[in-house]
Amino acid sequence: MIKIYNTLTRSKETFKPMKENLVKLFVCGPTVYDNSHIGHARTYISFDIIARYLKYRGFSVFYLQNITDIDDKIIKRAVSTGEDPIDLAREFEAKYLQDMKTLGVENVNFYARATEHIKEIIVQIETLLEAGYAYETDTGVYFDISQYPDFGKLSNRKIEDLNVHRISPDSSKRNPEDFALWKKKDETPTWDSPWGTGRPGWHIEDTAITEEYFGPQYDIHGGGLDLIFPHHEAEIAQMESASGQKPMVRYWMHTGFLNVKGEKMSKSLGNFITIKELLTKYSPDVFRFFVLSTHYRSPIDFSQEILEQSHNSLNRIYKFYETLEELLNVDDSSLDEPSPDESSPHNSIPETKENQEIDRLLEETKFKFLEAMDNDFNTPSALSLIFDFIRATNQNIRQGEISQKSVQNIKFFFNEISDILGLNFTSQPKNSKGHLEDELVDIIIDIRKKLRKKKDWELSDAIRSRLDDLDIILEDK
RNA sequence: GCCAAGGUAGCUUAGAGGCGAAGCGGUGGACUGCAGAUCCAUUACACGGGAGUUCAAAUCUCUCCCUUGGCUCCA
């Protein structure tokens with residue numbers, strides 16, 4: 001039984017989709033006006049894992065994400081570079097999708113562009129106007145907040161408290177908190193509407209898109225913590241007013257921020273790290289492990305040092321997996337050490353008490369792993385169980401008390417974990433050098449092996465150290 | 001001002017009334033020609049301060065202190 005923390009009720013609730021085992025999941029996508037940064041990556045990796053786990057648990061997941069490809073920031077950026085706004089949006093959308101692919105975020109079923117849903121947006125605005133929830137002024141069409149008394153239920157705010165404004169409200173609005181559904185504009189790009197040319201407001205695209213694909217009610221809506229207010233609040237107001245059905249969303253999920261030295265990452269603070277920059281230094285898996293090591297709702301503090309910690313921790317799992325593979329392919333090691341005592345053809349260790357112990361521990365770990373993930377996707381807790389298991393198993397391996405069958409079962413479990421968490425320790429890339437380079441390095445290593453057999457330590461060490469200078473690390477077994 | 005999330009060993013994180021956590025780091029050992037990696041063991045008075053409830057509190061209540069975020073740009 002999966003429990004999900006619902007921002008709306010501020011409590012964990014048992015997850016039950018509206019329709020049997022079909023999960024309709026919507027996550028707010030990016031506004032594509034610049035490169036995506038690692039804060040975005042945190043959120044999308046978190047929801048990637050959530051989608052993976054729901055699938056693992058037998059749900060059929062339809063994961064929908066919007067792409068905000070029209071908005072003030074895009075236009076502003078396009079004006080400054082002299083580019084067409086839509087071209088600019090397409091360019092950064094492509095980069096975003098590439099970043100996600102590199103990060104192993106691959107469970108989104110459909111990306112919906114705002115500009116390809118203008119028709120649906122207009123229909124929804126018309127519905128709101130007809131029902132008296134919206135009104136038209138000289139500057140646009142606005143949602144009338146006084147018609148929706150529940151406004152603020154998600155962020156736990158009262159309308160009367162919303163009196164601090166960074167931007168002075170448009171004077172044509174009835175209430176200062178009313179938000180734009182349609183902005184009347186002349187500068188391109190614009191779309192025709194019953195209210196003249198212009199473009200949609202920010203919030204309406206999501207509800208138009210989700211209504212189109214999911215209907216007025218669906219299961220999970222996710223996004224970063226910063227979207228709770230006003231974005232998600234506005235979505236609720238629009239959709240529930242337009243459809244008359246509540247709730248629009250059954251489970252609201254929000255990811256915590258990625259901070260740098262305790263501060264939110266932002267351009268103005270200059271602590272902005274793009275996904276591309278990150279990946280020049282660390283592998284996608286290291287970053288994913290870093291994300292996994294904190295609960296998705298908690299703030300996560302980024303630093304080089306912590307990524308190093310993640311790297312080291314992850315290596316422990318990698319090495320364990322390698323050990324499993326070695327145990328299953330004992331004949332491979334015959335080149336180096338033909339261990340005569342254990343070279344019996346079957347090399348099978350009979351079922352012993354120790355083996356039963358390991359098998360029991362495996363079952364227990366599996367159970368607890370699911371329990372941790374069921375509990376609002378508690379990945380840190382799940383990881384901790386894996387480390388417990390590795391330590392205990394290593395002890396048995398060291399004593400030689402483990403059967404091939406047990407190793408196989410363990411490996412199978414780790415393959416599952418690899419899938420659920422999206423960590424690729426099953427196919428760990430060795431060296432991402434070019435093909436020819438690989439082979440050249442192999443030749444050098446081969447020669448060095450022979451030198452070591454001759455106990456020519458001086459030359460062996462020199463080779464190792466020269467390779468080290470090229471970031472090729474040799475580790476003798 | 002209002003709303004929200006936090007303060008857990010040197011660092012990063014789980015936990016959420018009782019059985020003293022996981023990883024990283026440190027230390028010791030095994031292995032090794034050496035180095036590294038790996039493995040094992042071990043280490044660390046752990047719960048922001050103060051009061052209260054309770055047989056029992058990191059965990060519940062109150063209060064105070066501190067940090068961060070949001071309050072129509074935001075993942």
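We name chains A, B, ... by the order of the sequence lines, and we start the count at 1 in each one. These figures come from a predicted structure and were not determined experimentally.
Among rC11(B), rA22(B), rC40(B), the nucleotide with an atom closest to any side-chain atom of Ser384(A) is rA22(B). For Asn375(A), counting side-chain heavy atoms from C-beta on, the closest listed nucleotide (rA16(B), rA5(B), rC40(B)) is rA16(B).
A gap of 13 Å separates the C1' atoms of rA22(B) and rU8(B), to the nearest Å. The separation of rU59(B) from rG1(B), taken at their P atoms, amounts to 27 Å, rounded to a whole angstrom. To the nearest whole angstrom, the two P atoms, one in rG23(B) and one in rG33(B), are 30 Å apart. Atom P of rC55(B) sits at a distance of 25 Å from the matching atom of rG48(B), rounded to the whole Å. Nucleotides rA58(B) and rG52(B), compared at atom P, are 15 Å apart to the nearest Å. A gap of 32 Å separates the P atoms of rC60(B) and rU42(B), to the nearest Å. rC19(B) and rC39(B) have their P atoms separated by 30 Å, given to the nearest Å. Taking atom P in both rU61(B) and rG7(B), the straight-line distance is 15 Å, to the nearest Å.
In this structure, Lys184(A) places its NZ atom where more than 12 heavy-atom neighbours from other residues, nucleotides or ligands lie under 6.0 Å away. For CD of Glu458(A), the number of neighbouring non-hydrogen atoms (other residues, nucleotides, ligands) closer than 6.0 Å is 12 at most. Shown here is Asp138(A), whose CG atom has no more than 12 heavy atoms of other residues, nucleotides or ligands within 6.0 Å.
Judged purely by distance below 3.5 Å, without hydrogens or angles, the side chains of Ser155(A) and Glu233(A) pair a donor atom with an acceptor atom. For the residue pair Ser310(A)/Ser313(A), the side-chain donor-acceptor check at 3.5 Å is not satisfied. Side chains of Asp285(A) and Ser283(A): a donor-acceptor N/O pair is absent below 3.5 angstrom, by distance only. Using a 3.5 Å distance cut-off with no hydrogens or angles, the side chains of Gln147(A) and Ser241(A) do not pair a donor with an acceptor.
Checked against a 6.0 Å centroid threshold, the rings of Phe320(A) and Phe414(A) count as neighbours. In this structure, His203(A) has its ring center under 6.0 Å from that of Phe179(A).
Among the atoms of the strands shown, only primed sugar atoms or phosphate atoms (P, OP1, OP2) are found under 4.0 Å from some heavy atom of Phe387(A). Using a 4.0 Å heavy-atom distance criterion, Asp226(A) is classed as a base contact. At the heavy-atom level, Ile397(A) lies nowhere under 4.0 Å from the strands shown. Residue contacts for Thr43(A): at a heavy-atom cut-off of 4.0 Å it reaches a base atom on one of the strands shown. Using a 4.0 Å heavy-atom cutoff across all strands shown, Glu308(A) reaches no nucleic acid atom at all. Contacts of Ser310(A) with the nucleic acid, taken as non-hydrogen atoms under 4.0 Å apart, are absent. Residue His295(A) is classed as a sugar-phosphate contact, given heavy-atom separations below 4.0 Å to backbone atoms only. Across all strands shown, Gly39(A) has heavy atoms under 4.0 Å from base atoms, whether or not it also approaches the sugar-phosphate. Backbone-only engagement by Gly29(A) is indicated by non-hydrogen atom pairs under 4.0 Å involving sugar-phosphate atoms exclusively.
rC3(B) atom P lies 14 Å from atom CZ of Phe229(A), rounded to whole Å. Protein atom CD of Glu233(A) is 15 Å distant from nucleotide atom P of rC3(B), rounded to whole Å. One interatomic measurement links the two molecules: CD1 of Ile49(A) to P of rA75(B), which rounds to 20 Å at whole-angstrom precision. We find that CD of Glu305(A) is positioned 18 Å from P of rG23(B), with the value rounded to whole Å. In this structure, Leu385(A) places its CG atom 10 Å from C1' of rA14(B), rounding to the nearest Å. Rounded to an integer number of Å, the gap from Ile300(A) CD1 to rA5(B) C1' is 15 Å.
The base of rA14(B) does not come close enough to the side chain of Ser381(A) for any donor and acceptor atom to sit less than 3.5 Å apart. Remark: the Gln309(A) side chain and the rC11(B) base include a donor-acceptor N/O pair separated by less than 3.5 Å.
With a 3.5 Å ceiling on both atom-pair distances, rG33(B) lacks any Watson-Crick or G-U wobble partner. Pairing of rA16(B), defined by two Watson-Crick or G-U wobble distances under 3.5 Å, is not identified with any nucleotide. In this structure, rC47(B) forms no base pair with any nucleotide, since neither Watson-Crick nor G-U wobble geometry is met with both distances under 3.5 Å. In this entry rA41(B) has rU27(B) as its Watson-Crick or G-U wobble partner, both defining distances falling under 3.5 Å. The base-pairing partner of rC74(B), taking Watson-Crick or G-U wobble contacts with both distances under 3.5 Å, does not exist among the strands shown. In this structure rA4(B) sits in a base pair with rU68(B), meeting the Watson-Crick or G-U test at under 3.5 Å.
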Collect all protein-nucleotide pairs involving nucleotides 31-35 of chain B in which both atoms are nitrogen or oxygen and the distance is under 3.5 Å.
{"from": "rG33(B)", "atom 1": "O6", "to": "Arg452(A)", "atom 2": "NE", "distance (Å)": "3.3"}
{"from": "rG33(B)", "atom 1": "N1", "to": "Asp461(A)", "atom 2": "OD1", "distance (Å)": "3.2"}
{"from": "rG33(B)", "atom 1": "N2", "to": "Asp461(A)", "atom 2": "OD2", "distance (Å)": "2.9"}
{"from": "rC34(B)", "atom 1": "O2", "to": "Arg464(A)", "atom 2": "NH2", "distance (Å)": "3.0"}
{"from": "rC34(B)", "atom 1": "N3", "to": "Arg464(A)", "atom 2": "NH1", "distance (Å)": "3.3"}
{"from": "rC34(B)", "atom 1": "N3", "to": "Arg464(A)", "atom 2": "NH2", "distance (Å)": "3.1"}
{"from": "rC34(B)", "atom 1": "N4", "to": "Asp476(A)", "atom 2": "OD2", "distance (Å)": "3.4"}
{"from": "rA35(B)", "atom 1": "N1", "to": "Arg464(A)", "atom 2": "NH1", "distance (Å)": "3.0"}
{"from": "rA35(B)", "atom 1": "N3", "to": "Arg464(A)", "atom 2": "NH1", "distance (Å)": "3.0"}

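Residue order along RNA chain B, read from the 5' end via each residue's closest nucleotide, puts Leu314(A) first among Tyr44(A) and Leu314(A). RNA chain B is contacted by both Tyr5(A) and Leu383(A); Tyr5(A) maps to the nucleotide lying nearer its 5′ end (nearest heavy atom per residue).
Applying the 4.0 Å criterion to OP1 and OP2 of rG23(B), one finds that Arg391(A) has a side-chain N or O inside that range. Close to rA4(B), at under 4.0 Å from its OP1 or OP2, lies a side-chain N or O of Asn156(A).
Interatomic distance, CG of Leu54(A) versus OH of Tyr63(A), reported as 11.0 Å (0.5 Å rounding).
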